[in-house]
Amino acid sequence: MLKGKSLVSINDLSKEEIVHLLDIAEEFSENPRQPVLAGNVVATLFFEPSTRTRLSFESAVNQLGGRVLGFAEASTSSVSKGESLNDTILTVANYVDLIVMRHPIEGAARFASEVSPVPIINAGDGANQHPTQTMLDLFSIRKTQGTLDDLTICMVGDLKYGRTVHSLLMAMSNFRTRFVFIAPPELQLPMEYKLYLQGKGLPYEEFTSLPDHIAGADILYMTRVQRERFSDPLEYEKVKNVYVLHESMLRAAKPTMRVLHPLPRVNEIATDVDASPMAYYFQQARNGVYARMAIMASILGKRG
Amino acid sequence: MLKGKSLVSINDLSKEEIVHLLDIAEEFSENPRQPVLAGNVVATLFFEPSTRTRLSFESAVNQLGGRVLGFAEASTSSVSKGESLNDTILTVANYVDLIVMRHPIEGAARFASEVSPVPIINAGDGANQHPTQTMLDLFSIRKTQGTLDDLTICMVGDLKYGRTVHSLLMAMSNFRTRFVFIAPPELQLPMEYKLYLQGKGLPYEEFTSLPDHIAGADILYMTRVQRERFSDPLEYEKVKNVYVLHESMLRAAKPTMRVLHPLPRVNEIATDVDASPMAYYFQQARNGVYARMAIMASILGKRG
Amino acid sequence: MLKGKSLVSINDLSKEEIVHLLDIAEEFSENPRQPVLAGNVVATLFFEPSTRTRLSFESAVNQLGGRVLGFAEASTSSVSKGESLNDTILTVANYVDLIVMRHPIEGAARFASEVSPVPIINAGDGANQHPTQTMLDLFSIRKTQGTLDDLTICMVGDLKYGRTVHSLLMAMSNFRTRFVFIAPPELQLPMEYKLYLQGKGLPYEEFTSLPDHIAGADILYMTRVQRERFSDPLEYEKVKNVYVLHESMLRAAKPTMRVLHPLPRVNEIATDVDASPMAYYFQQARNGVYARMAIMASILGKRG
């Protein structure tokens, strides 16, 4: 039902569309080497670098038998000759069936989807949206918990600027989620998202301390706390070691709890967590391939 | 008939070869997804970046089932280790069936074609030649006008340094073309090309003002006027807004006239032209894929 | 027998494994376009650029029908976001069946092989190892001499830092080789390798002058003498033109002698050598494709 459509924001998808895409991703996770994109050519236009996301898309296309072309950073693109985004998109649309784009400016993907004759998948536009990340988060949550309904999700770290947190929150609001937000005072969830949850009648709690609130969580969603987000460097020094997950902190957790992280991590998850059965972030990265397979196959009309 | 040969300059092709290649391109435009290059590997060696040209070639190879490898800029190539072009070409020729190369130095492609055991396609060597661009221009002219014979082509902008203008002029001189050249005094067509046309007995006119001369044209070929071409910045400021095409200027044109541009444009075609049925420059970019398919399939012996 | 294993060092391979891989490479050299890697995806992660090696691997994968993704330099990778090598490898391992990596730090490939769930091929880690280079050297020696046994190999140039020299020396020590080392005093073979040969009971001689010692050689293995290896620039100026091979110097050589060079060369082989039937370095580069085909096909279980 996504056939021929662009995917710019997770909010473009209804609850039913999300669930349907997750079912397709589930199918691909069981049988990822199907030539359903044979004969298709996909562009990956990365106006800013994001190796992880780019390689994940390229793996998905290649495993499904499609072909990829594109660029990994803007310096090697026509942008450096002063070309407008409009012209770049209208030109590349002549070469491919689908454009995956990453751009540093918010709204760039929406603009591209409005001028492009071929579908656009937003692979991140500034601090705004990254819907395929959200789809792989949802896939990982459903896969590990057996359901998306009635879960308690504890989100930790930079809740102010964290694009993945905001999109996941909005997508999960379809599924009666209970939210627990844990962030330093400077990086708390913006008011607009709290109002959004209130409008939906969904419960949430806010804390500034990590260890005490893991026990009730089904999902612990960790994010990076980046130095450059702090106006006062001393403030960063104060919190940087507070929002670090250690293996010992998982003892109070439900056995079925899983730790997610959009990656790359820097130090917010200690490496001693990696060996825990609760660590799921590398498997989560693998799920990104399946989620992207589902989205591309749907948009290109190869899956209902 | 190009089988195993290099394509360095449009002048390497006879009129008959040009027409034959255009016929093959026409065939591919009707059916672009044929696995005629299955089993072939093509290198795209871009010693200077040109995203548009590189992606066009890579789309052509991929749509025809071939494989691509290469580099998008010299900084990631062995050139930075002091290797000679001779050695780079002789090495890469071991890896592929065909080398597509872009190089900042005039004559680089000719040199490469003389040392390489595999065919070379010149994708631009400095200000010199870019024959696949000329082929797509010819394809676009024939496609929109139904013929290459007896047309009036109005060339606008930088006629002094414009590589595409010079190559197109020489190729069209096979087809009884009438030329109208419109350029600022500093950027007029070099004398050698005027003498060339005189030698062929072909008529041309020269003007410095754009609007008055559109009415008689079958093709309006716009080019970029680049600041760095002017010795005097004030001279650039004086002309930069004079050689800009606006939609209103098309009212006097023949209904069958089409606007071409090698792209990227900066501001020499106002965006209000884009919606006009006379705007053909993005379709022209698409034609580049078909022209390159024809050239590569011919060189690799997959088309007579 | 390499199925599922990593290849980090040439010393990981027994004499029997080396010979078996060379036999597989021989098969691929006779029939290089076999779709034995169809359905496989290989990552080429080049944390430092090496166009030649990267394109050789990518040609091998593509000729065998597999797919490639990756990056050509670290600046476009997640490394610039502070990600650890551990996390990069664990993430990319989700996308592919095999990782080919080049890294500036010695030991990086060994570390990667210890954490990765998919096999790693070391495509060079600092001054340490580059086993696929050694395999293509061995292939070239056997191909040109008909055997690996009882040969005299004359190694010339930078024998102190030359990674390829050290690996080739250790691999050839399985085959009763006689070694002749020719290097300036500052760049002589390190004592550890001499002790290694003594321990194996293998004869070697050391000289500082090139011309006199070519006559007895079956293989003349030339290497680059790099300015940056010298503490004293005057020392470099003194030797840089001494270790240059000219065509005239080949007159005393055995007719079956062949000149090898890992490439890129700068000026240590004069171009007048290129036309000699003894020049084998470009064919040697081609052999790299076959050697890498053999290694990848074996690791991916497509060849016994």
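Numbered from 1 within each chain, the chains take letters A, B, ... in sequence-line order.
Using a cutoff of 4.0 Å between basic side-chain nitrogens and carboxylate oxygens, B/Lys143 and B/Glu26 are scored as salt-bridged. Ion pairing between B/Asp87 and C/Arg265 holds under the 4.0 Å rule for side-chain N and carboxylate O. For B/Arg110 and B/Glu114, the salt-bridge test fails: no basic side-chain N is under 4.0 Å from an acidic carboxylate O.
Taking the centre and axis of the six-membered ring of B/Phe57, the NZ or CZ atom of B/Arg292 falls inside the cone set by 45° and 6.0 Å.
With a threshold of 4.5 angstrom between heavy atoms, B/Ala93 approaches chain C through N, CA, C or O but not through any side-chain atom. Only the side chain of C/Asp274 comes within contact range of chain B, with heavy atoms under 4.5 Å apart. With a threshold of 4.5 angstrom between heavy atoms, C/Leu263 approaches chain B through side-chain atoms but not through N, CA, C or O.
Ranked by heavy-atom pairs under 4.5 Å with chain B, the first of C/Ala285, C/Pro32, C/Pro35 is C/Ala285. Counting heavy-atom pairs closer than 4.5 Å to chain C, the top-ranked of the candidates B/Thr91, B/Val68, B/Asn40, B/Val41 is B/Thr91.
Using bins of under 30°, 30° to 60° and over 60° for the plane-to-plane angle, the ring pair B/Phe71/B/Phe47 lands in the perpendicular bin.
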